[in-house]
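Notes follow the structure.
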Amino acid sequence: MKILLVASSAREHAIAEALARSPQKPEIIAISHNRNPGLRAVATEHFQANIMDFPAVLDIAKNEKPNFAVIGPDDPIGSGLADALEGIGIKSVAPKKQLAQIETSKGFARNLLKKHGIDASPKFKAISIDPNLASALKEAKKEIHSYLEDELQGSYVVKYDALKGGKGVKLSGEHLSTIEEGVEYAVECLKECGRVVLEEKLEGVEFSLLSFVSGTQVIDMPTVQDHKRAYEGDTGPNTGGMGTYTDANHSLPFLSSADLARAKELNRLTAAALQKECGEPYKGILYGGFIAVKDGIRLIEYNARFGDPEALNILPLLSSDFVAICQAIIDGELSDSLVQFEKKATVCKYITPHGYPENKDQKGQEVRFPEMPANARLYFGDINEEHDGRLLLGGSRTAGIVGIGKTIDEAEKIAEDLCEKVEGPVRFRSDIGKKQLIDKRIKMMQELR
Ligand code: AMP
Ligand code: GLY
């Protein structure tokens, strides 16, 4: 059994480790842009290459002849790497380009749900124009102004409708203070890519539900809560995610059982809608980004891949054979009996350079990690292993440290204690997984409802 793993971050270190635990003892051929020490330790072979250079990836694949590929990051999935690999006879655990539009186009995702009668979106308007036509731009500007002012009454979200590394979404009251600023940003999006989505701004608590999907077969993973803001108390700029937690019952302390059941139902309905719309099955991971609001659950966005850090919490709990799950996704033979998760809680805290995400001033400086006990994991992200073994910081998130325990509290203490022992010009969010922050979410939901 040989598996090609296309990687960019700590998410794929966690994927590689889960694959390597399989009784099938797979050979793992990993490709990433950096000398990731985690991938290098777990993979049988590691190639340092640009994963967006498809001819280079295909050359490696042709030489290695893997049984299948796992593609981790959004960029190659969104640009059609699964299609390109299928062209040389290699199937992937990742959707093809057409199906990946569920992540790459927020307008596609909203319109798909609308067309298939899936009631989970806030009020929205997806606009698509030819940005070279001055008259179309002028017309759209009027339409945007009236939608933001009259329909959404100034409480709005403007979304760049193409991949933008998580940085295309701007909210009123946070990034944009007036209707005019909203219109200006929406017009900027139209000029850049010809598409923009305007949405009602929802109030509530966000969470992620990821599922293994093969067509209409959908098996859910434990629910996770991410923390996108850079600093303690959910302040500062948005990041790729500073840390995450899961609970031993695979739900979250602020969710009702009806909330969880509805989120699961939405992933099923969306997988089926994708198959109907695109005429072929979605095969890979479907990641629903939801928000629990006053009267239920709404969809914020879908991703076509594992989350980072979500995968760092989920995969260490997977006690069944991940390779068998991947094969079942590809063969259309997914079933509940293949997927088992330990009933434990996890807390992941990301170690990042001090300046992240604002600057890359610490890039190239050395970082040292403590030994991990059996109830913890260390997953390496944007970090480079030098030939002398030293580990040097990249500019982005460095490594996720995951504590695993009977309760969130126990898992948090394990993660926190290890994070404090990391040496170098780095930081982490101490509040993630702590009672105070979790109680704040529970209180917010109680107040809303
Ligand atoms: P997205 O890239 O769509 O996940 O958006 C990034 C972040 O913007 C989300 O994690 C939310 O915090 C926020 N966001 C997106 N859409 C909405 C919405 N309709 N209402 C409130 N917040 C939103
Ligand atoms: N944790 C956010 C993401 O992976 O998109």
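In what follows, every heavy atom counts, from backbone to side chain, and hydrogens, waters and symmetry copies are set aside. Read the numbers this way: they start at 1 and go in the same order the structure lists the ligands and their atoms. Values in this document were obtained by computation on a predicted structure and should not be read as measured data.
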Requested in this report: Check whether any N or O atom of Asp226, backbone or side chain, sits under 3.5 Å from an N or O atom of ligand 2, and answer yes or no.
Outcome: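 The answer is yes, given that Asp226 and ligand 2 share an N or O pair closer than 3.5 Å.
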Query raised in the report: Under 3.5 Å between some N or O of ligand 2 and some N or O of Asp308?
Result: yes
Report task. Before accepting this row, confirm whether a basic side-chain N of the pair Glu199/Lys125 lies closer than 4.0 Å to the acidic partner's carboxylate O. Result ->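 The answer is no: the pair does not qualify as a salt bridge.
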**Report entry** Charged N-O contact under 4.0 Å between Glu416 and Lys349
**Finding:**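 Yes, this pair counts.
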Requested in this report: For Ala84 and Phe54, work out which heavy atoms get closest and say how close.
Outcome: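 Heavy atoms of Ala84 and Phe54 come nearest at CB-CD2, 4.3 Å.
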Query raised in the report: Should Asn238 be counted as touching ligand 1, given the test is an N or O pair under 3.5 Å?
Result: no
Report task. Look only at interatomic distance and state if Glu301 has a nitrogen or oxygen under 3.5 Å from any nitrogen or oxygen of ligand 1. Result -> yes
Query raised in the report: Does the ring centre of Phe380 sit less than 6.0 Å away from the ring centre of Phe369?
Result: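 They qualify: ring centres under 6.0 Å apart.
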Report task. Can you figure out which of Arg229, Lys159, Lys106 has its heavy atom closest to atom 2 (O) of ligand 1? Result ->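 Heavy atom nearest to atom 2 (O) of ligand 1 belongs to Lys106.
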Query raised in the report: If you measure from each heavy atom of Phe306 to ligand 2, is any distance below 4.0 Å?
Result: no
Requested in this report: Please work out whether any backbone atom (N, CA, C, O) or any side-chain heavy atom from C-beta onward of Leu202 is under 4.0 Å from ligand 1, and answer side chain, backbone, both or neither.
Outcome: both
Query raised in the report: Any idea which part of Leu171 is under 4.0 Å from ligand 1, heavy-atom wise: side chain, backbone, both or neither?
Result: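 Under 4.0 Å from ligand 1, Leu171 contributes side-chain atoms alone.
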Query raised in the report: What are the atoms of ligand 2, with element, lying closer than 4.0 Å to any heavy atom of Gly240?
Result: 1 (N), 2 (C)
Report task. Check Glu310 against ligand 2 and report side chain, backbone, both or neither, counting heavy atoms closer than 4.0 Å. Result -> side chain
Requested in this report: Please confirm whether Glu200 comes under 4.0 Å of ligand 1, counting heavy atoms of the residue only.
Outcome: yes
Query raised in the report: atom 5 (O) of ligand 2: which protein heavy atom is closest, and how many Å away?
Result: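 It is Arg305 NH2, 2.9 Å.
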